J.: 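Once you've had a glance at the structure underneath, I'll fire off some questions.
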Amino acid sequence: MTEKKPKSKPGAVLITAFGVVQGVGFRPFIFRLAQKFGCRGWVKNIGYGVQIHLEPGKKTGLRLFLRALREEKPPLAMIEEVKVRPASFRGYKDFRIRKSKEGESFVFISPDISTCPNCRQEIMDRRERRFHYPFTNCTDCGPRYTIVRSLPYDRAKTTMSWFRMCDACRSEYENPLDRRYHAQPIACPACGPSITLKEARTGKKIRGGISEAVSFIKKGKILAVKGLGGFHLVCDPHNEKALRRLRRVKQRDRKPLALMARDLATIRKFAHIGVAQRRELLSASRPIVLLRKKRDIPGIAPYLDEIGFMLPYTPLHHLLLEDLDLIVATSSNKKDAPIAKDEKEGVDKLCDYILTHNRPIQTRADDSVLKVEAGRTLFLRRARGFVPYPQRVPPDLETPQHILALGGELKDTISVYKNGYVVTSQFLGDLDEYENYRYFEETISHLQQLFDVRPEVIVSDLHPNFHTTRYGQESGLPHLQVQHHFAHVLAVLLEHQVPWGKKVLGVSWDGYGYGEDGSAWGGEFLLADYLSFTRVAHFKQVPLPGGDLAAKQPWRMALAYLRDSFGRSLPKIKALERIDKKKRNLVLKMMEAGLNAPLSSSCGRLFDAVSFLTGLAPSEVEFEAEAPMRLEAASPEKIRGSYGFALLDNDIPWRVSFTQTIEEITRDIKNGISAPLISAKFHNTLARAVASVAKKAKIQFGINTIALVGGVFLNRRLLSSATAFLGREGFEVLRPLKYSPNDESIS
Ligand code: ZN
Ligand code: ZN
Ligand code: FE
């Protein structure tokens with residue numbers, strides 16, 4: 001390359017594109033664009049993006065180049081911002097991709113991306129050298145986050161470093177015009193990873209590979225299949241015996257299982273797919289999407305009206321499903337342990353056969369799970385396919401510090417902050433389980449090392465006994481604690497880039513969070529900005545008889561709410577007759593005496609009570625939110641009625657009392673009103689409670705923006721009614737779109 005002395009000839013510009021642009025074929029894309037437009041100059045990586053020195057050609061101007069840059073960018077590139085400024089004209093003779101220097105700034109990396117249409121076609125074509133090859137990928141697709149050990153993203157720093165590229169792969173890798181140019185995990189049957197099928201009990205290898213695995217599934221066997229972020233347990237969903245065995249090894253009787261279908265047509269046989277659901281199912285992230293049931297498959301999602309489907313996202317899945325329509329594909333963890341990434345983590349105890357391969361998984365990642373509400377995503381679990389997309393922090397909030405944020409305890413994630421961006425980890429699970437806690441530690445050290453974060457401050461939940469809090473205290477670093485429901489609201493402010501200083505009313509509803517006064521919070525209305533909050537209202541407190549047991553046995557909450565409404569003369573309710581009378585009396589006495597019955601303003605527990613009273617909830621739940629989910633599933637959309645409730649107190653915090661709600665629900669039950677109708681009226685009642693507190697807060701504090709957040713707002717029935725009521729009153733409503741409203745957002 002020859003460089004002349006700078007001339008004052010106009011036209012040269014320096015373009016900086018910020019975002020996830022490394023390891024996604026962005027530089028070769030720019031190279032091709034420059035060739036197309038006859039431009040000269042160079043492109044190079046600069047940590048948080050790329051820089052392009054462009055000297056426009058005769059054919060086209062800068063404007064067209066910039067438009068193409070945005071509109072034709074590679075599918076995996078995520079451009080946050082493009083800045084253009086004049087540069088001195090140097091008269092380059094050609095356009096080159098320059099080598100990048102390792103720098104100080106935040107280097108982003110793409111999440112794992114599902115097999116692209118080109119690769120898919122290639123593996124199904126007999127004439128191709130990658131015909132039926134399960135590890136085919138290119139610059140547009142394949143593993144990223146789950147195989148990378150350190151950055152900048154380069155093959156030697158991934159778990160593909162074990163494999164030596166063959167000549168054919170190398171020539172593709174080195175050709176800027178090839179779609180595998182610098183595709184770090186590039187592989188083929190001659191040089192890349194390979195699969196092995198084993199008998200689980202003996203570890204003996206079995207000939208036959210994928211076709212043999214398929215025949216085992218058809219025969220009703222359970223297989224552990226190694227994917228991108230861990231092992232799936234796989235079986236035939238129509239084989240009752242296999243399904244029963246799978247549930248037994250997973251120790252889950254009722255928790256919904258995810259399905260992987262060959263194509264959309266297969267899914268349509270069992271569930272309804274709207275436009276937005278279709279978009280999510282087919283997106284490059286390939287999450288599990290919850291869909292309304294059309295034809296039930298017994299044992300997959302009992303008592304619920306939705307069922308989770310995903311489409312194949314690796315070549316291995318495409319090949320498995322070439323000859324099968326539908327499989328159960330649930331994560332291979334034992335109860336309360338993280339997803340297994342290695343056969344040595346006990347998957348042999350859970351299955352009959354193991355379909356594995358020799359490309360190591362560096363980082364575990366579960367499948368992401370989402371549903372769609374009003375055409376937009378609502379995350380139940382954010383992991384594979386979305387992590388580690390960065391989140392920009394509003395400029396006013398920027399601090400020079402590196403921060404490590406640890407979150408709460410249940411459904412935990414961690415986040416790292418550096419130079420204006422936050423990266424939030426994949427879902428890690430309940431940290432009170434030893435193996436999940438190890439996963440938490442593993443993730444902290446991996447993310448710190450990966451993004452070169454050296455925290456100066458550690459942040460955790462306010463709860464004094466959470467593992468995250470103890471980790472912070474023992475770190476020896478300055479340690480900040482943030483109230484749980486405030487953290488929920490902050491996550492929404494950040495995601496929506498709410499301006500500095502603006503106040504919102506955060507409706508922060510969940511099962512439990514440690515309150516500033518030490519009591520159990522959960523139905524909270526917080527007037528908040530980035531710096532602080534005021535608790536302007538909360539649910540009227542009721543006792544949690546038995547403490548933690550109250551969250552597991554909804555009948556306890558039913559008794560607590562009945563006692564709150566009726567005092568000592570409790571009405572007879574059919575659902576309660578299922579519970580032994582002695583047990584009931586004991587619980588009532590506990591509350592009477594105030595023994596092991598701490599007060600709580602939880603919203604989740606109110607749902608538990610109503611779900612149990614209407615006969616929908618089991619007397620003991622198997623997983624978090626099971627009782628509320630059944631109540632939501634029962635509710636029809638278009639019922640208008642509601643129950644009475646009251647806003648108590650003149651001074652803040654106002655209390656929202658549902659005493660009358662429970663009285664009226666009891667009357668409805670006695671009058672034989674159906675559970676679905678009661679459920680609908682109950683949902684409307686809560687939505688009206690949101691609107692009436694919002695109106696009062698508007699008068700008193702002048703706020704006009706409401707954030708709906710916390711695990712309760714995974715309830716679409718409530719979310720849509722509350723949004724509609726607030727919209728009618730002229731409020732702006734914010735809710736989480738890219739992160740889950742549940743405790744994954746605390747960090
Ligand atoms: Zn591809
Ligand atoms: Zn090769
Ligand atoms: Fe929460």
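Just so it is clear, the model here is predicted, and its values are computed rather than measured. Start at 1 and go down the list; that is how both ligands and their atoms are numbered.
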J.: CG/Leu304 to CZ/Arg630 distance, rounded to the nearest 0.5 angstrom?
T.: 7.5 Å
J.: Rounded to 10°, how big is the angle at the Zn ion (ligand 1) from Cys119 SG to Cys138 SG?
T.: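 Cys119 SG and Cys138 SG form an angle of 110° at the Zn ion (ligand 1).
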J.: Using a strict cut-off of less than 4.0 Å between a Lys/Arg side-chain nitrogen and an Asp/Glu carboxylate oxygen, indicate whether Glu632 and Arg716 qualify as a salt bridge.
T.: no
J.: Strictly under 2.8 Å, is any N, O or S atom of His488 next to the Fe ion (ligand 3)?
T.: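 Given the 2.8 Å cut-off, His488 counts as a ligand of the Fe ion (ligand 3).
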J.: If the Fe ion (ligand 3) is the vertex, what is the angle to OD1 of Asp743 and NE2 of His484, rounded to 10 degrees?
T.: 100°
J.: Mind checking the OH-CZ spacing from Tyr514 to Phe466? Nearest 0.5 Å is all I need.
T.: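 So the OH of Tyr514 and the CZ of Phe466 are separated by 10.5 Å.
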J.: Angle at the Zn ion (ligand 1) between SG of Cys116 and SG of Cys141, to 10°?
T.: 110°
J.: Working to the nearest 0.5 angstrom, can you tell me the gap between Leu714 CG and Asn742 CG?
T.: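 Answer for the CG-CG pair, Leu714 versus Asn742, is 5.5 Å.
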J.: Hey, are the side chains of Leu319 and His132 touching, using non-hydrogen atoms and a 4.5 Å cut-off?
T.: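 SC-SC contact between Leu319 and His132 confirmed.
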J.: Where the Zn ion (ligand 2) is the corner point, what angle links SG of Cys191 with SG of Cys188, to 10°?
T.: 120°
J.: To the nearest 10 degrees, how large is the angle at the Zn ion (ligand 2) between Cys169 SG and Cys166 SG?
T.: 110°
J.: Is the shortest distance from a Lys or Arg side-chain nitrogen in Asp167 or Arg170 to a carboxylate oxygen in the other one below 4.0 Å?
T.: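 So Asp167 does not pair with Arg170 through a salt bridge.
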J.: Write the atom name of the N, O or S atom in Asp510 that is nearest the Fe ion (ligand 3).
T.: OD2
